[in-house]
Amino acid sequence: MEITEKQIIYYTASDGKCPYLEWLRTLDSKTQDVINARIDRLKDGLKGDWK
């Protein structure tokens with residue numbers, strides 16, 4: 001099974017702001033690292049345990 005890297009596209013509002021990144025910046029660095037690691041796994045095609 002070949003895993004291809006996916007592209008992550010963040011929503012940007014018409015005013016140029018990205019609500020996701022603004023929210024992420026409000027979190028402590030450890031939580032940011034956990035979320036970013038999960039996003040990286042998704043980008044690599046690893047969806048985790050899901051049905």
Side-chain angles (χ1 to χ4, degrees):
M1 176 171 68
E2 183 178 325
I3 297 176
T4 59
E5 186 173 299
K6 306 293 182 195
Q7 181 181 10
I8 302 298
I9 300 172
Y10 298 107
Y11 169 77
T12 303
S14 60
D15 61 2
K17 294 182 180 181
C18 179
Y20 170 77
L21 293 176
E22 290 180 8
W23 166 77
L24 189 65
R25 288 185 197 112
T26 66
L27 305 174
D28 63 90
S29 62
K30 183 176 179 180
T31 304
Q32 287 180 20
D33 291 344
V34 169
I35 293 170
N36 285 328
R38 181 67 183 114
I39 296 295
D40 286 342
R41 288 193 303 274
L42 283 170
K43 186 173 70 173
D44 292 339
L46 303 173
K47 298 176 186 171
D49 188 14
W50 66 282
K51 291 186 180 188

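Numbers here are sequence positions counted from 1.
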Partners of Y10 by ring-ring contact (aromatic ring centres under 6.0 Å, His included), sequence neighbours excluded?
-> Y20

Quick one: side chain to side chain donor-acceptor pair (under 3.5 Å) partners of T31, sequence neighbours excluded?
-> D28

With sequence neighbours left out, what residues match D15 under side chain to side chain donor-acceptor pair (under 3.5 Å)?
->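 D15: no side chain to side chain donor-acceptor pair (under 3.5 Å) contacts found.
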
Considering non-hydrogen atoms only, spot the tightest contact between L27 and Q32 and give its length.
->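 Closest heavy-atom pair between L27 and Q32: O-NE2, 2.8 Å.
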
Find out if a path of hydrophobic residues (ILVMFWY) with successive side-chain heavy-atom gaps under 4.5 Å connects [X] to [Y].
{"X": "I39", "Y": "L24", "answer": "yes"}
{"X": "L42", "Y": "I35", "answer": "yes"}
{"X": "L21", "Y": "I8", "answer": "yes"}

Residues forming a side-chain contact (heavy atoms from CB on, under 4.5 Å) with E22, sequence neighbours excluded |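 Checked E22 against side-chain contact (heavy atoms from CB on, under 4.5 Å); matches are K17, R25.
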
Atom CG in D33, atom CZ in R38: separation rounded to 0.5 Å?
-> 15.5 Å

